[in-house]
Amino acid sequence: MKTSELTTREVERAGIRDAFDLFRGSLHQPPVSDRDWSQLSASFEPGAVRGAFDGDRLIAMHQSMPTDIVVPGGERAPLSVQFRFGVGAGHTRRGVGTALMAAALRATPEPLAMVRPSEGGIYGRFGFGVATRCRDLVIDRRRAVLTADVPSGGDTRLADPADGAGLCRDVYDRTRARPGAIGRWPWYEQLLNHELAGAGLFSRVAVHTGADGPDGAGVPDGFARYSVRGTTLDVDELHCRTPESWAGLWRFLLNVELVDEIRLRGRPLDEPVEWLFTDPRVCRVTAVRDELWLRPVDTLAALRARAYGDGDPVVLGVHDPLLPANSGHYLVGPTEVRRTRRPAQLTLSAASLASLYLGGVRPLALAVAGAVTVHDPKALPTADRLFHTDGEPWCGTAV
């Protein structure tokens with residue numbers, strides 16, 4: 001295909017289902033059924049889908065949705081979530097995906113963008129870097145015994161199915177404080193339940209209620225959404241605000257009958273699950289993997305959105321071939337972030353900046369791997385202090 005024949009533009013509402021079928025085809029899945037479309041169509045908002053066209057023929061699609069993300073310091077920065085990105089058969093490896101992603105990012109008003117990719121080797125060339133990681137766990141429920149030191153307090157109950165989605169939305173938004181946690185959309189729980197139903201499962205929601213609120217009623221401060229297949233209990237998500245709510249939810253899960261093992265996917269790296277048990281070996285880590293991939297869309301605004309640790313300012317030289325306006329030198333310090341003409345002390349790509357942005361990896365580690373070029377050795381430990389965060393960043397939302 002000649003480059004001049006390729007155009008990108010917003011997909012009209014009437015063409016969104018065809019675009020979704022193209023995306024499914026790129027994953028070797030069949031076209032969406034009428035029944036499934038009735039559930040999935042709510043997740044396509046007007047103006048959210050962009051396509052690449054060869055003349056009038058759609059050959060690639062991409063969807064983006066605005067939300068926000070918790071950044072170091074506790075603020076919530078505007079974020080564009082990029083997902084459902086697919087190139088039709090016969091058009092891959094021809095620059096179509098790059099052209100579509102570049103057009104989508106240029107049209108993005110938010111200073112940050114993220115993806116949760118199905119393949120890890122694609123998005124680095126678009127300027128995305130691994131910003132959070134997670135781990136998968138398996139608990140031998142028959143042998144799991146909580147230590148006497150596990151905190152207690154509050155009450156945990158099984159939510160009424162009619163109330164589960166609303167409780168999850170409310171509790172999640174109140175509890176998300178960790179860097180990397182993103183805002184969710186009204187259709188998110190519906191989408192999760194639809195995927196479970198497609199696998200022949202349904203979810204239950206356990207809710208922990210903590211201290212009394214101002215009206216005397218208990219305040220929900222944590223929830224666990226789970227499903228059971230055979231003798232395996234899968235925890236689809238678990239979010240909480242306090243150690244007591246976290247422990248209370250674990251007590252509930254461990255007491256579910258007819259279960260031999262509990263599986264959890266995508267948990268925070270620093271979640272101390274092993275330390276709940278008298279025998280930590282009942283908890284096995286089955287995988288450690290990347291989770292959220294981040295990208296600065298407006299580098300100056302993104303750098304200004306987060307807080308920094310103590311230390312003298314450092315000048316970062318950022319190179320961003322896909323969005324050249326981002327390339328340049330940035331002075332980053334605890335009280336000031338701005339563009340500068342001063343020489344760069346550290347040079348890195350947009351993807352490497354994204355990886356250290358939430359605190360999930362140290363500048364020193366990236367330098368050892370060659371992803372940061374050091375011009376001034378004194379600047380490297382200073383950058384470590386500036387970008388340091390106390391806990392591991394984590395997203396916890398699958399999109």
Side-chain angles (χ1 to χ4, degrees), residues 16-17 19-20 23-24 27 29 32 35-49 61-71 76-86 108 110 112-118 131-132 134 159-199 201-208 220-227 234-241 249 264-268 291-294 393-399:
I16 287 179
R17 181 168 176 174
F20 185 50
F23 166 72
R24 287 174 61 88
L27 300 176
Q29 297 176 356
V32 64
R35 180 179 180 182
D36 287 344
W37 183 244
S38 68
Q39 298 293 315
L40 296 170
S41 59
S43 63
F44 289 91
E45 297 185 4
V49 179
M61 72 84 70
H62 166 272
Q63 183 178 358
S64 61
M65 296 291 290
T67 184
D68 59 61
I69 183 171
V70 179
V71 297
R76 297 182 177 184
L79 174 76
S80 176
V81 177
Q82 317 289 308
F83 62 119
R84 290 172 176 159
F85 177 67
T108 297
E110 292 82 16
L112 291 162
M114 67 156 279
V115 292
R116 291 284 301 268
S118 57
T132 71
C134 60
D160 187 299
D163 300 331
L167 280 168
C168 289
R169 281 196 298 271
D170 293 343
V171 176
Y172 172 79
D173 198 56
R174 285 201 304 271
T175 59
R176 68 177 178 114
R178 186 189 289 254
I182 69 171
R184 293 177 173 176
W185 306 271
W187 44 261
Y188 181 76
E189 283 77 18
Q190 177 183 336
L191 191 64
L192 286 183
N193 289 331
H194 175 74
E195 291 176 352
L196 282 170
L201 303 171
F202 67 97
S203 66
R204 298 178 182 272
V205 176
V207 179
H208 183 273
D221 58 2
F223 74 91
R225 186 201 303 269
Y226 68 93
S227 55
D234 287 305
V235 179
D236 301 307
E237 57 178 344
L238 189 156
H239 298 276
C240 54
R241 189 169 58 185
L249 291 168
L264 303 95
R265 285 178 52 81
R267 300 306 300 168
E291 189 201 24
L292 179 156
W293 291 55
L294 197 65
W394 179 61
C395 178
T397 294
V399 289

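Just so you know, these numbers come straight off a predicted model, no measurement behind them. One is the number of the first residue; the rest follow in order along the sequence.
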Taking [Y]'s backbone N and O only, do any of them form a donor-acceptor pair with [X]'s side chain (distance below 3.5 Å, no angle check)?
{"X": "Thr175", "Y": "Arg241", "answer": "no"}
{"X": "Tyr188", "Y": "Ser43", "answer": "no"}
{"X": "Gln190", "Y": "Ala42", "answer": "no"}
{"X": "Glu291", "Y": "Gly396", "answer": "yes"}
{"X": "Trp185", "Y": "Pro66", "answer": "yes"}
{"X": "Arg174", "Y": "Pro220", "answer": "yes"}
{"X": "Ser80", "Y": "Glu110", "answer": "no"}

On a heavy-atom basis, which atom in [X] and which in [Y] lie closest, and how many Å separate them?
{"X": "Pro393", "Y": "Ala131", "result": "CG-O, 3.6 Å"}
{"X": "Ser203", "Y": "Asn193", "result": "OG-OD1, 3.1 Å"}
{"X": "Trp394", "Y": "Gly266", "result": "NE1-O, 2.8 Å"}
{"X": "Tyr172", "Y": "Cys395", "result": "OH-O, 4.2 Å"}
{"X": "Val207", "Y": "Ala159", "result": "CG2-CB, 3.9 Å"}
{"X": "Leu249", "Y": "Cys240", "result": "CD1-CB, 4.3 Å"}

To the nearest 0.5 Å, what is the distance between [atom1] ([X]) and [atom2] ([Y])?
{"X": "Arg184", "Y": "Cys168", "atom1": "CZ", "atom2": "SG", "answer": "8.0 Å"}
{"X": "Asp68", "Y": "Leu112", "atom1": "CG", "atom2": "CG", "answer": "11.0 Å"}
{"X": "Ser118", "Y": "Phe85", "atom1": "OG", "atom2": "CZ", "answer": "10.5 Å"}
{"X": "Asp170", "Y": "Asp163", "atom1": "CG", "atom2": "CG", "answer": "10.5 Å"}
{"X": "Gln63", "Y": "Phe83", "atom1": "CD", "atom2": "CZ", "answer": "4.0 Å"}
{"X": "Ile182", "Y": "Arg116", "atom1": "CD1", "atom2": "CZ", "answer": "8.0 Å"}

Side chains of [X] and [Y] in contact at under 4.5 Å (non-hydrogen atoms):
{"X": "Leu294", "Y": "Ile69", "result": "yes"}
{"X": "Leu167", "Y": "Phe223", "result": "no"}
{"X": "Asp236", "Y": "Leu192", "result": "no"}
{"X": "Arg225", "Y": "Glu189", "result": "yes"}
{"X": "His239", "Y": "Arg176", "result": "no"}
{"X": "Gln29", "Y": "Phe23", "result": "no"}

So Leu238 and Arg267, side chain to side chain contact (heavy atoms under 4.5 Å, CB included) or not? Walk me through it.
CA-CA 9 Å; Leu238 189 156; Arg267 300 306 300 168; 3.8 Å; yes
Can you check whether Trp187 and His194 have ring centres sitting under 6.0 Å from each other?
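For Trp187 and His194, the ring centres are not under 6.0 Å apart.
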Would you say that more than 12 heavy atoms from the other residues, nucleotides or ligands in this model lie under 6.0 Å from the CZ of Arg17, or not?
yes
Parallel, tilted or perpendicular: which fits the ring planes of Phe44 and Trp37, with parallel below 30° and perpendicular above 60°?
tilted
In a check of side-chain contact (heavy atoms from CB on, under 4.5 Å) between Met114 and each of Leu79, Thr397, Thr132, which one passes?
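Going through Leu79, Thr397, Thr132 one by one, the side-chain contact (heavy atoms from CB on, under 4.5 Å) with Met114 is satisfied by Leu79 alone.
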